[in-house]
Asker: 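First the structure, then my questions, so here it is.
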Amino acid sequence: MDIILLGPPAAGKGTLAQWLIRDFDVIHASTGDMLRKAIKDGTELGKIAKPLMDAGKLVPDNIVNGIIQEWLRGIPAGRGIIFDGFPRTVAQAEALDEMLASVGRQIDCVVSIQVTEEIVVERIGGRLSCPRDGSVYHATNYPPKIAGKCDKCGADLIQRDDDKPEKIIERYKQYLEKTMPLAGYYDQKGLLFPVDGRGGSEEVYAMVSRKLRSS
Ligand code: AMP
């Protein structure tokens with residue numbers, strides 16, 4: 001089963017993805033994580049992506065499409081995929097349809113997590129990320145067991161550059177302009193599963209896991 005998680009930054013896509021990976025036979029595809037790794041490794045791709053990501057802007061479609069195309073080559077046919085943060089534009093969605101079709105796959109469900117702008121600002125403002133393994137915490141809603149340290153690997157937690165308050169508004173704006181139209185794109189195909197994300201990750205997970213188990 002191939003699933004897309006759609007929603008603004010801090011809607012809870014990353015947490016939902018982690019829990020789905022824990023409970024279903026699916027592999028995580030996060031273009032954000034792939035791009036952050038490219039930056040950390042100092043690759044050419046990372047050099048192009050960094051200033052755009054730091055500014056809260058989207059990386060060009062051809063670049064992220066290329067990353068996903070390459071990534072798809074190594075995926076075993078029998079396992080499902082959770083796309084988290086990809087596609088983010090209609091052009092990416094069209095490219096993904098083609099890429100999946102060429103390897104005999106297709107999107108089965110698009111989970112659209114809906115939250116308000118106020119929630120986005122509040123959640124991202126308190127977000128703490130592990131630079132080593134990508135785990136995400138929240139200062140008040142989901143604090144690490146030891147303040148400032150990753151529960152899983154013990155690394156010092158950081159606030160990502162693009163999670164700084166001045167960048168949040170820009171990221172949300174990009175979401176409204178470029179990613180929101182995807183809801184209509186997938187609704188027309190009968191794939192959209194909208195969920196109310198205001199209550200938090202546990203509620204969202206309950207709704208999504210029920211839906212996936214019944215499909
Ligand atoms: P994320 O971790 O998914 O919030 O992504 C962090 C940043 O990476 C975004 O704000 C974009 O700058 C960039 N990015 C990640 N995925 C994409 C994508 N599918 N298209 C364009 N830019 C992306």
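Start at 1 and go down the list; that is how both ligands and their atoms are numbered.
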Asker: List in chain and number order the residues that pass salt bridge (charged side-chain N to carboxylate O under 4.0 Å, His left out) with Glu118, two or more places apart in sequence or in another chain; answer none if no residue qualifies.
Answerer: none
Asker: Give every residue pair that meets the ring pair (Phe, Tyr, Trp, His ring centres under 6.0 Å) criterion with at least one member in residues 184-215, sequence neighbours excluded.
Answerer: Trp19-Tyr205
Asker: Should we say atom CZ of Arg105 is surrounded by more than 12 heavy atoms from elsewhere, each under 6.0 Å from it?
Answerer: yes
Asker: Near ligand 1, which residues have a heavy atom under 4.0 Å away from one of its atoms?
Answerer: Thr31, Gly32, Leu35, Arg36, Met53, Lys57, Leu58, Val59, Val64, Gly85, Phe86, Arg88, Gln92, Arg160, Asp162, Arg171
Asker: How many angstroms lie between atom NZ of Lys50 and atom CG of Asp161, to the nearest 0.5 angstrom?
Answerer: 5.0 Å
Asker: Does Arg171 use its side chain to pair, donor to acceptor, with the backbone of Pro9 at less than 3.5 Å?
Answerer: no
Asker: Residues in salt bridge (charged side-chain N to carboxylate O under 4.0 Å, His left out) with Lys173, at least two apart?
Answerer: Glu170
